[in-house]
Asks: 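Pasting in a structure now, in structure tokens, and then I'll have a few things to ask.
Numbering starts at 1 and runs along the sequence shown.
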Amino acid sequence: MENVTTIILLGFPDLHGFRIVFFLFLFMSYLTTICANLMVITLVAFSRHLQSPMYFFLTQLTTSDIMTTSDIVPNMLHMVLHNGSSMSFSGCLTQFCFFGSSESSECLLLTSMSYDRFLAICHPLHYHSLMNPLLCLKYILISWLIGFTITFTQTVNMSQLDFCQSNIIDHFFCDFDPVLKLSCSSVRHIQLLSIVMCFPLIVFPFFITVISYVYIVLSILRIQSITGRQKAFFTCGSHLAVVSIFYGTLFSIYLIPEKGNSIVLRKVLSIVYTVVTPLLNPVIYCLRNKDIKKAFKKLKS
């Protein structure tokens with residue numbers, strides 16, 4: 001049989017009269033996401049009082065969000081207007097590689113940020129000596145390197161499979177499971193590898209984040225003054241909200257068996273972490289952050 005060379009993405013075939021409204025929602029969300037995340041990167045780069053590990057990690061998180069949304073949304077816009085789209089098989093694997101790399105790196109970056117908050121709240125006197133710029137840079141480089149290496153390995157493995165069945169994917173981007181379903185080869189070794197890779201990419205980072213916040217909460221509860229407690233909760237509240245949204249949608253899609261999720265629900269949850277989450281992250285971090293607001297006013301003036 002001849003290998004598949006073109007992938008057809010069905011996208012959202014049942015939009016009917018909501019097509020233009022959904023297109024405008026995606027377009028405005030994408031535009032706002034890019035502008036908001038670039039603004040955060042610019043503020044951190046040009047504001048001296050934002051030169052700290054927390055904001056350095058934040059710039060990497062925003063970079064990951066820009067990568068994710070730019071990899072998915074432009075083709076979604078085309079898909080909504082034309083009731084589906086097609087791309088080459090190599091383009092499909094490339095989309096998966098960029099998406100997987102940015103999402104995998106984001107897992108590790110969020111873990112580094114939780115450890116940073118743990119040191120800041122639980123060990124404030126030693127924070128600057130422990131979380132020094134060199135260690136911060138190492139965490140960032142390791143996060144991106146591990147995320148890219150693991151995803152690239154999976155992409156190469158997928159490219160060596162035979163795809164000789166259907167070339168239609170009932171989704172709006174080339175995700176791992178929908179692509180594997182098109183293969184007429186045995187995919188057990190790739191699925192096994194993906195399960196193994198979930199531990200360093202998702203499971204271990206998640207537990208490190210949970211343990212960090214357990215210690216953070218215990219430390220905050222030992223603070224005598226109400227003002228001190230509120231200030232401590234404020235410093236980690238934004239990150240906790242972002243972590244909750246990220247892991248909540250991630251677990252809902254990839255850890256719940258596919259039979260328990262309808263196709264429509266999986267698409268909705270996928271929209272949450274490819275469109276909504278990259279939009280909300282800069283809003284959550286900046287809305288109540290006095291340092292960001294101060295830097296923004298200085299940049300305007």
Side-chain angles (χ1 to χ4, degrees), residues 31-69 102 105-144 205 208-209 212-213 215-217 219-220 222-246 277-301:
L31 194 64
T32 306
T33 298
I34 297 299
C35 292
N37 283 288
L38 286 177
M39 184 192 72
V40 172
I41 294 173
T42 304
L43 290 176
V44 174
F46 289 97
S47 302
R48 288 184 178 180
H49 66 283
L50 296 181
Q51 302 297 314
S52 66
M54 180 177 73
Y55 294 110
F56 191 32
F57 284 126
L58 182 57
T59 61
Q60 301 305 304
L61 186 67
T62 55
T63 301
S64 174
D65 286 337
I66 290 173
M67 279 182 59
T68 299
T69 193
S102 59
S105 300
E106 187 160 339
C107 283
L108 300 174
L109 287 169
L110 287 172
T111 305
S112 298
M113 293 174 77
S114 67
Y115 180 65
D116 172 73
R117 293 300 83 205
F118 162 75
L119 291 178
I121 293 174
C122 299
H123 303 281
L125 298 179
H126 304 285
Y127 173 71
H128 292 289
S129 60
L130 293 173
M131 187 57 74
N132 56 70
L134 182 59
L135 182 63
C136 187
L137 182 61
K138 286 180 180 178
Y139 282 154
I140 288 171
L141 290 176
I142 289 172
S143 297
W144 284 108
I208 291 172
T209 301
S212 296
Y213 271 99
Y215 278 102
I216 287 171
V217 171
S219 295
I220 291 175
R222 286 197 292 266
I223 299 175
Q224 299 297 322
S225 67
I226 297 177
T227 305
R229 288 185 184 180
Q230 290 176 341
K231 185 178 180 181
F233 271 119
F234 175 77
T235 57
C236 60
S238 299
H239 178 256
L240 186 58
V242 170
V243 167
S244 300
I245 295 172
F246 180 82
T277 301
L279 173 64
L280 288 180
N281 283 354
V283 176
I284 291 172
Y285 274 106
C286 301
L287 198 59
R288 295 177 59 193
N289 192 301
K290 294 179 181 179
D291 293 333
I292 294 285
K293 289 181 179 179
K294 183 179 179 182
F296 182 68
K297 289 178 181 179
K298 280 188 176 182
L299 194 66
K300 283 176 63 178
S301 61

Asks: Would you indicate whether the side-chain heavy atoms of Val44 and Phe56 approach each other to under 4.5 Å?
Replies: no

Asks: Can you tell me how far the CD1 atom of Ile216 sits from the OG atom of Ser114, to the nearest 0.5 Å?
Replies: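 Rounded to the nearest 0.5 Å, the CD1-OG separation comes to 7.0 Å.
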
Asks: CE of Met131 to CE of Met54: how many Å apart, nearest 0.5 Å?
Replies: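 The CE atom of Met54 is 12.0 Å from CE of Met131, to the nearest 0.5 Å.
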
Asks: Closest heavy-atom contact between Leu109 and Leu61?
Replies: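 Between these two residues, the closest heavy atoms are CD1-N, 4.2 Å.
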
Asks: Please examine the side chains of Leu135 and Asn132, heavy atoms only from C-beta on, and report whether any two atoms are closer than 4.5 Å.
Replies: yes

Asks: What closest approach, in Å, do Ser143 and Ser105 show between heavy atoms, and which atom pair accounts for it?
Replies: O-OG, 3.3 Å

Asks: Mind checking what makes side chain to side chain contact (heavy atoms under 4.5 Å, CB included) contact with Leu279, not counting sequence neighbours?
Replies: Ser29, Thr32, Thr33

Asks: CE of Met113 to OG of Ser212: how many Å apart, nearest 0.5 Å?
Replies: 12.5 Å

Asks: Would a line drawn from the ring center of His239 to the ring center of Phe57 be shorter than 6.0 Å?
Replies: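 No, too far apart.
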
Asks: Say you draw a straight line from CD1 of Ile245 to OG1 of Thr277; how long is it, rounded to the nearest 0.5 Å?
Replies: 6.0 Å

Asks: Which residue pairs pass the side chain to side chain donor-acceptor pair (under 3.5 Å) test with at least one member in residues 119-130, sequence neighbours excluded?
Replies: Asp116-Tyr127

Asks: Roughly how far, to the nearest 0.5 Å, is CD1 of Ile223 from OG of Ser225?
Replies: 6.5 Å

Asks: Does some side-chain heavy atom of Leu108 sit less than 4.5 Å from a side-chain heavy atom of Ile142?
Replies: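 When only atoms from C-beta onward are counted, Leu108 and Ile142 do not touch, as no gap falls below 4.5 Å.
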
Asks: What are the two closest non-hydrogen atoms of Pro205 and Thr111, and how far apart are they?
Replies: CB-OG1, 3.0 Å

Asks: With rounding to the nearest 0.5 Å, note down the distance linking CD1 in Ile292 to CG in Leu50.
Replies: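 The CG atom of Leu50 is 5.0 Å from CD1 of Ile292, to the nearest 0.5 Å.
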
Asks: Which residues pass the side chain to side chain contact (heavy atoms under 4.5 Å, CB included) test with Tyr215, not counting sequence neighbours?
Replies: Phe118, Cys122, Ile211

Asks: List the residues meeting ring pair (Phe, Tyr, Trp, His ring centres under 6.0 Å) with Tyr55, not counting sequence neighbours, and say none if there are none.
Replies: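 Tyr55: no ring pair (Phe, Tyr, Trp, His ring centres under 6.0 Å) contacts found.
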
Asks: Is the closest side-chain heavy-atom distance between Ile41 and Ile66 below 4.5 Å?
Replies: yes

Asks: Of all the heavy-atom pairs spanning Leu240 and Ser244, show the shortest one and how long it is.
Replies: O-OG, 2.8 Å

Asks: Only pairs at least two apart or in different chains count here, so list each side chain to side chain donor-acceptor pair (under 3.5 Å) that has a residue in residues 56-68.
Replies: Gln60-Trp144, Ser64-Glu106, Asp65-Asn281, Thr68-Ser102, Thr68-Glu103

Asks: So, using side-chain hydrogen bond (donor to acceptor under 3.5 Å, both in side chains) as the criterion, who are the partners of Tyr139 when residues are at least two apart?
Replies: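 Tyr139 satisfies side-chain hydrogen bond (donor to acceptor under 3.5 Å, both in side chains) with no other residue.
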
